[in-house]
Amino acid sequence: MKRYSPKDIEPKWQKVWEESGIYKAAATNDRPKKYILEYFPYPSGAAMHVGHVRNYTIGDAIARFNRMTGHNVLHPMGWDAFGLPAENYAIKNKVSPEVAIAENTKRFKQQLMQMGFSYDWSREINSSNPDYYRWTQWFFLLLHKKGLAYQQESLQWWCPFDKTVLANEQIEAGRCWRCGNEVEKKALKQWFFKITDYADRLLADLDNLNWSESIKSMQRNWIGKSRGAEINFTIEGRRNKLKVFTTRPDTLPGVTFMVIAPEHPLAEKIASDQHRHQVQTYVKAAQAATDIFREKTDREKTGVFTGAFAVNPINGNKIPIWIADYVLSGYGTGAIMAVPAHDERDYEFAIKFNLPVKYVVEPVTGEVQGDEVEKEAIVAIVRNPKTNQVLMLDWGPRQERFGGILFVGGGLEPGEDEVEGAKREVIEETGYDNLKFVKKAPYLVHSYYFSNVKNKNYYAKMRGILFELDDEHQTKTSLDDGEKNKFTLKWIGTDKASELVDDEGHKQILNCLVSPGVVSGEGIMTDSGKYNGLSSGECREKILADLEAKHQGKEVINYKMRDWLISRQRYWGAPIPIIHCNNDGAVPVPEDQLPVKLPVVESIEPSGDGRSPLANVPDFVNTTCPKCGGPATRETDTMDGFACSSWYFLRFADSKNKHAPFDKDKIDYWLPVDDYIGGAEHAVMHLLYARFWTKVMKDEGLIDFSEPFQTLRNQGMILAPDGNKMSKSKGNTIEPDGLIQQGYGADSIRIMELFIGPWNQAASWSVEGLGGAYRFLQRTWTLVQEYNGTEGGDEESEELKHIMHKTIKKVSEDMLELSFNTSIAALMECVNQLYRIKAQDGYRAVEWQWSLECLLKLLAPFTPHIAEELWQELGNDESIHLSQWPAFDDKYVVKEEVNIAVQVNGKVRAEIEVVFGAHQDEVLALAKQEDKLKPYLKGKQIERVIYVPDKLLSLVIN
RNA sequence: GGGCGAGUGGCGGAAUAGGUAUACGCGCACGACUCAAAAUCGUGUUCCGAUAAGGAUUGAGGGUUCGAUUCCCUCCUCGCCCACCA
């Protein structure tokens, strides 16, 4: 009997498959197509570890399953070769990027090969190959032609380590996404793609994509659409207007100051002579501060007064203008109207600089009951300054809307002063009569509440009043007998009180009086002149209309997303195909002169002066203008690597095309991608850019769809056994090569990658678990080997049929849901069952050959090598991977006898065996005779019977 | 601070149009084989209880139901992403 040796069989079959080309996507229309794609890797210096391998294992299982279920499958692979990772690796190792890429792709390909993935290697692409980037440049020209590529001088993120600018998306918490160094701002003339033109479509089309909610919401947040208003404030004594963006124009009556960013063009201009020096100092300091520092949200607010005033367009109020760095120059207009009462940041600033806080939106609390009586009411909080406790009334346990722990509260008599009324209520209910008025709550609270005494619902306008106790003298309370004893008085610490209080309105009043703060959210307008009484939503519309009538404001939609900066001052990228001419400006390179090839240079090291190394190559730079023929210079910046990956999935459909990026017929057949598999790290970069390019191509008529990836699947990360992220620097990476060397084999690794847990959930790699996977394959191996050594037999086995049909059904259904871990569990269970039958009856049953063949087919998507080897040992000549997925028949799946659980009052008390499909009456009759149940049923009446066929009988007895 | 997701044995996890919780694997224990070990095969393994009867158990607490891991409410913990975005 042969031993299971992955080292022997795996390379053997890999060679056979490659030579016979069985994974080549056919140019046929006879089967439905499936395009299964995994993110193409960038071949960096570090080899692939088992975390990367999971991505490809998932894709391969899907691809293989689809092939066996009658699909024409495209499953390609290529290399995202341009870009910083490859270039930095090359610099570090003092080799040319071409050489580095050649070495690394070779290594990566060997790693993928040894895992037995079923790629169509005939379509392999490499984004740094001129045959490929020629078309990347072609797309640049298309974007340029459509006005979607433009050049602009602006302050840009600059990484001093990588010596290049970076796109917004490539900044992570003020640091470069590649090297982790702090970035700075630098003024440079740069190329941009106008992705903001597509913001609305990128947002709207997300709804119909079969992507995870988390990725969709990341993209939504990134696009950051918000509806609001632009409002023009006149500046006293100046002609300039101060334009602000706000999402809450309804709070305009509550504006108490304005804030502009230090970078705002008016910042220094509007400063009064008296304040100019301070302003200049502040602006300078802000510019000098690092972005990491400025982006810290937990630091204290800073700012200076400019000495200038703006005028509130709806009430003419004079508002001081401040400069502060908490206002960002890059968002909205770089200036805000500050409403400290209703915005936390403004509030913080107002407290720090002692600016007024004006409440204009009253919050609404409680639930509407429908039968409210409107009433003016007060809530009195009495504080004992000696103990810092507040007086509360305990009405007993809170039930529905009754009882609970509350403050003194009550209605006002007609015409009664709020403070007097509050005092009266406190004395009436508690007897404390030496009260000192401290303050009123700065706003009213509308609340629907139930009176504890008078059974009525009130729609109350509540005013909170704070008293302090002069002494603890108490007079007799004037409660009538009905009210007495309904509550007890309690003194409670102020911190505790906020937790204990049982009414949302009371709680807000407490917070407001003891620690006033920001009122966020919607509500009802107050202290706002003619807008009083409107809901904040209605007020928003009204104020917008008023402003528009006066041409002082308008509704606008604002986005967080910026245009995509694609210039890189680096060598290793596709040159931007533009020629700069003194006469004609930036002229696109004519299509027939593409590709603009990367020249060979002596040093690829970035110069650090903001220019790409290409600028030092005169032969490359100096050229003639395609328009006027005069002397001209080439653009020396290269394109962001993400440009290359924005269309590679299209190229796979027609990767060898010399005359066009692709042939439309082939795109029409293969695209869009049916299953796109990769990690979540690309959520706002690659996945957004690729969607953008796809929409541009659709608009140009190059393709007929506007979303490239119908279904996106984000695999869970494989963590190191220590629970940390695998990384070279931590030294905790596990590479498949070593495991294969140890003899586990690619098949065991593949099983482990999927069996470790749901494919989209993170999991820690386990060496012991891999041993289990190997044992399972070895058991399978042994089973087939032993069978092959027997004569077989001709007995029929219903049991064998049942096991196999059940397994086929389970695995088939789980595969469609990508539930790989449970598929594999079912296969393990199946093998265990086959062992049991073998031990009982040997290999006498006639179904053994068929059973084992089915088992191997079900295994084939996961463990292609062992499946192929044993398949052929069972006497098959054609590859198992071209065979048909087995079918199941429900009639063998169900068993004739089934166990039914019998519950008595919800507890399982017995299990009885009945024939499949038995009727309730039969089961009940059997249950009544069951010995185990007799003690429970004796002398009891069965009140109710619930029967779930073939599963459960539930008896309710009295 | 905001958004998304998740809490089940010693561990990874299974079971959610409500229906026998802990499948499968790891680990552990015992047995067979062996001079012995490894490998292999077999048995057991949620907890308490005595190998019994019985009871408890899906982060905590409450609710709906004959019946809740699954649905609803309150809270706690962890992970990921975003974050002074007006």
Side-chain angles (χ1 to χ4, degrees), chain A residues 3 172-173 212-218 220-222 224-226 228-229 244-249 251 259 261 294-299 301 324-328 330-339 342-346 348-349 520 558-561 680-681 683-684 714 716-717 719 751-752 755-758 760-773 775-776 778-779 782 810 819 821-832 835-836 839 899-911 942-957:
Chain A
R3 261 189 60 232
E172 293 169 354
S212 75
E213 266 318 304
S214 73
I215 299 278
K216 286 202 220 177
S217 81
M218 274 189 231
R220 286 193 191 107
N221 286 340
W222 187 261
K225 179 177 181 171
S226 58
V244 303
F245 174 75
T246 177
T247 53
R248 290 293 300 270
T251 61
V259 186
R294 284 194 52 182
E295 283 184 7
K296 272 192 187 153
T297 54
D298 52 359
R299 73 196 165 95
K301 295 270 181 290
D325 64 1
Y326 80 91
V327 171
L328 308 173
Y331 182 75
T333 62
I336 61 157
M337 57 179 224
V339 187
H342 305 292
D343 182 282
E344 260 178 62
R345 298 149 302 181
D346 298 345
E348 208 184 309
F349 193 83
S520 52
N558 202 24
Y559 297 94
K560 279 197 245 177
M561 187 168 68
E681 69 272 16
V684 287
N714 299 114
M717 212 187 306
L719 306 170
I751 285 275
M752 186 58 191
F755 185 62
I756 197 164
N760 53 0
Q761 218 170 281
S764 293
W765 186 259
S766 151
V767 181
E768 292 84 6
L770 182 62
R775 260 194 297 283
F776 162 60
Q778 187 170 250
R779 277 162 68 78
T782 304
K810 172 77 179 152
S819 184
N821 55 333
T822 53
S823 285
I824 292 168
L827 289 165
M828 288 173 167
E829 207 172 342
C830 176
V831 168
N832 291 344
Y835 261 76
R836 190 177 52 76
N899 284 330
I900 285 195
V902 184
Q903 293 183 343
V904 179
N905 283 349
K907 294 213 172 212
V908 179
R909 295 298 182 187
E911 216 173 72
I942 296 178
E943 289 188 335
R944 220 179 131 188
V945 179
I946 295 114
Y947 180 58
V948 183
D950 306 316
K951 280 200 172 146
L952 170 131
L953 181 74
S954 185
L955 305 176
V956 184
I957 62 174

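Just so we're on the same page: letters track the sequence lines, and every chain starts at 1. What you see below is based on every heavy atom in this structure, not just the backbone, and it leaves out hydrogens, waters and symmetry mates.
Per the geometry, CE belonging to A/M828 stands 15 Å off P belonging to B/G13, to the nearest Å. Here B/G13 presents its P atom at 11 Å from CG of A/N760, a figure rounded to the nearest Å. Distance, A/L770 CG to B/C24 C1': 16 Å, rounded to whole Å. When the P atom of B/G2 is taken as reference, atom CH2 of A/W222 falls 21 Å away, rounded to whole Å. Taking atom CZ of residue A/R836 and atom C1' of nucleotide B/C41, one finds them 16 Å apart after rounding to whole Å. Rounded to a whole Å, the CD atom of A/E829 is 13 Å from the C1' atom of B/A15. Atom OH of A/Y835 and atom C1' of B/C24 are 17 Å apart (whole Å). For A/M752 and B/C24, the CE to P distance is 17 Å, given to the nearest whole Å.
Contact between the side-chain N/O atoms of A/K907 and the OP1/OP2 oxygens of B/G19 is not found at any separation under 4.0 Å. Considering only side-chain N and O atoms, A/N821 lies under 4.0 angstrom from the phosphate OP1 or OP2 of B/A14. A/R220 has no side-chain polar atom (N or O) that falls below the 4.0 Å cut-off from OP1 or OP2 of B/G2. Between A/R775 and B/C41 there is no side-chain N or O to OP1 or OP2 distance below 4.0 Å. A/Y326 has no side-chain polar atom (N or O) that falls below the 4.0 Å cut-off from OP1 or OP2 of B/A86. Remark: A/R779 is not in phosphate contact with B/A39, judged by side-chain N or O atoms under 4.0 Å from OP1 or OP2. Of the side-chain N and O atoms in A/Q761, one or more sit less than 4.0 angstrom from OP1 or OP2 of B/G13. At B/C80, none of the side-chain N or O atoms of A/N714 fall inside 4.0 Å of OP1 or OP2 (strictly under the cut-off).
Distance check on atom P: B/A21 versus B/C33 gives 40 Å, rounded to whole Å. Across B/C26 and B/U46, the matching P atoms stand 16 Å from one another, rounded to whole Å. Using atom C1' as the reference point in both B/A23 and B/G79, the two lie 26 Å apart (nearest Å). If you take atom C1' in B/G7 and the same atom in B/A60, they sit 12 Å apart, rounded to whole Å. B/C28 and B/C11 have their P atoms separated by 15 Å, given to the nearest Å. Look at the P atom in both B/G19 and B/G55: the space between them is 23 Å, to the nearest Å. Spacing of C1' atoms, B/U58 relative to B/U51, comes out at 27 Å, to the nearest Å. Across B/A50 and B/G63, the matching C1' atoms stand 39 Å from one another, rounded to whole Å.
When both distances must be under 3.5 Å, the Watson-Crick or G-U wobble mate of B/A50 does not exist. Base pairing annotation: B/G42 forms a Watson-Crick or G-U wobble pair with B/C30, both donor-acceptor distances under 3.5 Å. Using the Watson-Crick or G-U wobble rule with both distances under 3.5 Å, B/U20 pairs with nothing in any strand shown. The partner of B/A14, taking Watson-Crick or G-U wobble pairs whose two distances both stay under 3.5 Å, does not exist in any strand shown. Nucleotide B/C78: paired with B/G5 (Watson-Crick or G-U wobble, both distances less than 3.5 Å).
Using a 4.0 Å heavy-atom cutoff across all strands shown, A/D346 reaches no nucleic acid atom at all. Across all strands shown, A/Q778 has heavy atoms under 4.0 Å from sugar-phosphate atoms exclusively, and none from any base. A/G332 comes within 4.0 angstrom of no nucleic acid atom, judged by non-hydrogen atoms across all strands. Across all strands shown, A/N558 has no heavy atoms under 4.0 Å from either base or sugar-phosphate atoms. Using a 4.0 Å heavy-atom criterion, one finds that A/R909 contacts the sugar-phosphate atoms exclusively. Within the 4.0 angstrom heavy-atom criterion, no nucleotide atom of any strand lies near A/G224. Among the protein residues, A/Q903 comes within range of the nucleic acid bases, having at least one heavy atom under 4.0 Å from a base atom. Nucleic acid contact for A/L952: base, since at least one base atom lies under 4.0 Å from a heavy atom of the residue.
Residue A/K301 places its side chain closer to B/C84 than to any other of B/C66, B/G12, B/C84. Closest approach to the A/I756 side chain among B/A86, B/C66, B/G12 is made by B/G12 (side chain taken as heavy atoms from C-beta onward). Listed nucleotides B/C84, B/U20, B/A23 differ in distance to A/A901; the shortest reach to its side chain belongs to B/U20. Taking only side-chain atoms of A/S226, from C-beta outward, the nucleotide of B/A23, B/A86, B/G19 with the closest atom is B/A86. In this structure, the nucleotide among B/U20, B/C81, B/A86 sitting nearest to the side chain of A/M218 is B/C81. Minimum atom distance to the side chain of A/T822 is reached by B/A14, of the listed B/U20, B/A56, B/A14.
With hydrogens and angles left out, the side chain of A/S954 and the base of B/C66 share a donor-acceptor pair within 3.5 Å.
Because its NZ or CZ atom is both nearer than 6.0 Å to the ring centre of A/Y326 and within 45° of the ring axis, A/K301 counts as a cation-pi partner of that residue.
Using a distance-only test at 3.5 Å, with no hydrogens or angles considered, a donor-acceptor pair links the side chain of A/D346 to the main chain of A/V339.
For the pair A/D950 and A/A825, nearest-nucleotide mapping onto RNA chain B gives the more 5' position to A/D950. Along RNA chain B, the nucleotide nearest to A/A763 and the one nearest to A/E344 differ in position, and the one closer to the 5' end is contacted by A/E344.
Put simply, the side chain of A/M752 reaches to within 4.5 Å of the side chain of A/S766, judged on heavy atoms. In this structure, A/N832 and A/R779 have side chains that are in contact, with non-hydrogen atoms separated by less than 4.5 Å. A/M337 has its side chain out of reach of A/R248: every pair of non-hydrogen atoms, C-beta onward, lies at least 4.5 Å apart.
The minimum heavy-atom distance between A/A338 and A/V259, with the atom names listed, is CB-CG2, 4.3 Å. When every heavy atom of A/N714 is checked against every heavy atom of A/S212, the shortest pair comes out as OD1-OG, 3.5 Å.
With respect to A/I336, the side chain to side chain contact (heavy atoms under 4.5 Å, CB included) criterion is satisfied by exactly one of A/D343, A/V327, A/T246: A/V327.
Base orientation of B/G9: syn, since the glycosidic angle falls within 90° of 0.
No more than 12 heavy atoms of other residues, nucleotides or ligands shown are found within 6.0 angstrom of CD on A/E344.
Taking the six-membered ring for Trp and thresholds of 30 and 60 degrees, A/Y331 and A/F245 have ring planes more than 60 degrees apart, a perpendicular arrangement.
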